[in-house]
Amino acid sequence: MRIWQSLIACGASLVVSISVSYAGSCSQEIVRFRAEIDAKQHSNATAGLSAPESSAATTHRQPTQRSIGAAESQLGEVSSEKLQAVMAAVDRASEADRAGDQIACEEALVDAWRAFRQ
């Protein structure tokens with residue numbers, strides 16, 4: 001379990017460092033949101049159900065928020081609809097941020113927070 005926690009922490013650090021290096025006007029909020037997702041997934045991983053390690057988990061790649069969310073969805077911890085809604089909103093926010101559209105980015109983040117907290 002310690003290895004899993006370390007992988008999550010390393011993945012979160014990588015996401016934050018990459019996101020900050022490409023910082024746009026909305027980037028800090030996206031980073032904060034992703035950190036919140038990481039914390040929630042870490043909390044679920046330590047307190048929740050477990051499943052056997054998949055073959056993809058042994059390929060020496062960092063898990064993504066999507067792959068962790070998909071695994072939690074299969075365990076019934078997070079519904080696939082919720083996962084899709086959250087990640088779609090984060091993707092829209094990132095795209096808007098890259099395009100320099102502050103308003104669309106903020107609206108997408110509001111949608112992501114709303115979906116995340118449901």
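- Here the shortest heavy-atom pairing between A96 and C105 reads CB-N, 3.5 Å.
- Closest non-hydrogen pair, A85 versus A115, comes out as CB-CB, 3.9 Å.
- For the atom pair M87 CE and R34 CZ, the distance stands at 5.5 Å (nearest 0.5 Å).
- Between V90 and F116, every side-chain heavy-atom pair lies at or beyond the 4.5 Å cut-off.
- Ion pairing of E95 with R92 is absent here, as no side-chain N (NZ or NE/NH1/NH2) approaches a carboxylate O to less than 4.0 Å.
- Distance CD1/I30 to CZ/R98: 8.0 Å, rounded to 0.5 Å.
- Taking CD of E29 as the start and CH2 of W113 as the end, the distance is 8.0 Å to the nearest 0.5 Å.
- Between the side chain of D97 and the backbone N or O of C26 there is at least one donor-acceptor pair closer than 3.5 Å.
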